[in-house]
There are 2 protein chains.
Amino acid sequence: MENRFGDKIKSLREQQHLYLRQVAAHLEIDTALLSKIEKGVRNLKKDLVPKIAEILNADKEELLTLYLADQLNELIKDEPLGKKAMNIIINPNN
Amino acid sequence: MENRFGDKIKSLREQQHLYLRQVAAHLEIDTALLSKIEKGVRNLKKDLVPKIAEILNADKEELLTLYLADQLNELIKDEPLGKKAMNIIINPNN
DNA sequence: TTTGACTTGTCAAATTATGTCAAATATAAC
DNA sequence: GTTATATTTGACATAATTTGACAAGTCAAA
């Protein structure tokens, strides 16, 4: 329950036999930072999500969705009322 | 679509004929800040949510839920994929 | 034991959040 | 009109968090 984005990009990277170093270079970020992103201890900047999708030949929308899910989850992970709050947004009436 | 929490506390405050000044004093924050919170241009610190519920004789859980809904909404308000991301969290499989 | 890939801790710089003040506006009573 | 009170707004200083980089660390394979 939580590092969906990081797990996904790690698995995509490994499937394609790419090194952190290579992907990081394309993104113009530090290898250490990308490592943390894969492990979920740091966030990738949002505007780099489409770029990493390109690098990994992945679907931009799918990655962005996972990215957003992680952000949302972070906000409510310790909140018993989190899902109720989500329902208010998804189903504004009632 | 957005200032649920602020609208709610404003309406509760007015129903009870309280001034911003009075509620702000109980919360130990500036009146100007509470005004902004009611208008949705600033956030109340999360740990003050139960306190404002007490002051306004409101249900703590209801207010916290609205508070969280605003936070969630802020995160995805410009994101077409926001609701899809929420569904991933609500319904983790599939 | 050396090399390469990855991980982790720490730090400064950048960014964002927070709270206050002063001035502006609004409304109502005089 | 003027006064008084409530609220709003913008600018600012400070506090807290995030971000990115570096150095040092682990680990596995050669």
Sidechain N-carboxylate O distance under 4.0 Å for A:Lys84, B:Glu61
no

Taking atom [atom2] of [N] as reference, at what distance in whole Å does atom [atom1] of [X] sit?
{"X": "A:Leu27", "N": "D:dT19", "atom1": "CG", "atom2": "P", "answer": "15 Å"}
{"X": "A:His17", "N": "C:dC6", "atom1": "NE2", "atom2": "C1'", "answer": "18 Å"}
{"X": "A:Asn3", "N": "C:dT7", "atom1": "CG", "atom2": "C1'", "answer": "15 Å"}
{"X": "B:Ile29", "N": "C:dC21", "atom1": "CD1", "atom2": "P", "answer": "13 Å"}
{"X": "B:Lys10", "N": "D:dA6", "atom1": "NZ", "atom2": "C1'", "answer": "11 Å"}
{"X": "A:Gln22", "N": "C:dG4", "atom1": "CD", "atom2": "P", "answer": "14 Å"}
{"X": "A:Glu28", "N": "D:dT19", "atom1": "CD", "atom2": "P", "answer": "18 Å"}
{"X": "B:Tyr19", "N": "C:dA28", "atom1": "OH", "atom2": "P", "answer": "12 Å"}

According to a strict under-4.0 Å criterion, is A:Arg13 in side-chain N/O contact with OP1 or OP2 of C:dA5?
no

Check A:Val49 against A:Tyr67 and note the closest heavy-atom contact, atom names and distance.
CG2-CD1, 3.6 Å

Taking only heavy atoms on the protein side, list every residue of residues 30-49 of chain B lying under 4.0 Å from any atom of DNA chain D, sorted numerically.
B:Ala32, B:Ser35, B:Lys36, B:Lys39

Interatomic spacing from CG in A:Leu72 to CG in B:Asn87 - rounded to 0.5 Å
10.5 Å

Begin from the C-alpha positions of A:Leu68 and A:Leu64 and carry the test side chain to side chain contact (heavy atoms under 4.5 Å, CB included) through to its verdict.
CA-CA 6 Å; A:Leu68 291 172; A:Leu64 184 54; 4.3 Å; yes

Do you reckon A:Ile90 sits in the same ILVMFWY cluster as B:Ile76, going by side-chain contacts under 4.5 Å, direct or chained?
yes

Decide if atom CD of A:Glu14 counts as having more than 12 heavy atoms of other residues, nucleotides or ligands within a radius under 6.0 Å.
yes

